[in-house]
Amino acid sequence: LNTRPNAFSAYGVASPSLWWNDGYLKKSLEKQSPDDRDGKAVIMVVGGEEKAFMLSDAKLAQNWFLQQGVESELRILPFMNHGFVSLPALTMALETLLPEARK
């Protein structure tokens with residue numbers, strides 16, 4: 001979504017590491033034009049047992065997406081951490097974002 005916003009119409013994000021590389025991803029999100037996100041959908045899934053800054057980054061990204069007009073959903077899975085959230089996130093993304101699910 002950051003580097004090739006027209007590659008897909010929907011994006012699934014599992015436990016985004018927005019803090020990585022001195023906040024590179026957060027900075028790149030802020031530089032994107034709202035026009036690049038028109039008609040896009042995002043589901044972001046994080047574990048409730050992740051570090052506090054990871055959860056706050058995900059909430060920050062969620063708010064940012066909503067302000068940009070992106071159809072966005074944040075799901076926080078209790079008892080999951082950064083490593084365990086990937087598989088449930090993939091399942092949720094497929095169930096939520098496939099074209100037949102978005103009708």
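Hydrophobic cluster membership is shared by Met54 and Trp20, with clusters built from Ile, Leu, Val, Met, Phe, Trp and Tyr side chains linked at under 4.5 angstrom. Phe65 and Tyr24 fall within a single hydrophobic cluster, where Ile, Leu, Val, Met, Phe, Trp and Tyr are joined by side-chain heavy atoms under 4.5 Å apart, directly or via other members. Cluster annotation: Phe8 is connected to Val70 through the hydrophobic network of ILVMFWY side chains, with a link wherever side-chain heavy atoms come within less than 4.5 Å.
Taking Lys26 as the reference, Asp57 meet the salt bridge (charged side-chain N to carboxylate O under 4.0 Å, His left out) condition, with sequence neighbours excluded.
Contact between Ala61 and Met44 at its shortest, heavy atoms only, is CB-CE, 3.9 Å. For Ala41 against Leu97, the heavy-atom pair with the smallest separation is CB-CD2, 4.0 Å. The nearest pair of heavy atoms linking Val45 to Pro16 is O-CD, 4.4 Å. When all heavy atoms of Val46 and Ala58 are compared, the pair lying nearest together is CG1-CB, 3.7 Å.
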Under 3.5 Å, which donor-acceptor pairs link side chains of residues 77-91 to any protein atom two or more places apart or in another chain?
residue: Asn81; atom: OD1; partner: Gly83; partner atom: N; Å: 2.9
residue: Asn81; atom: OD1; partner: Phe84; partner atom: N; Å: 3.0
residue: His82; atom: ND1; partner: Ser15; partner atom: OG; Å: 2.4
residue: His82; atom: ND1; partner: Glu50; partner atom: OE1; Å: 3.3
residue: Thr91; atom: OG1; partner: Leu87; partner atom: O; Å: 3.3

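Annotation: the span from Leu66 atom CG to Glu73 atom CD amounts to 10.5 Å, rounded to 0.5 Å. Atom CD of Glu95 sits about 9.0 Å away from atom CD1 of Ile43, to the nearest 0.5 Å.
Open room surrounds CG on Asp22; 12 or fewer heavy atoms of other groups in view lie less than 6.0 Å from it.
The stretch residues 59-70 participates, sequence neighbours left out, in these side chain to side chain donor-acceptor pair (under 3.5 Å) pairs: Gln62-Ser72.
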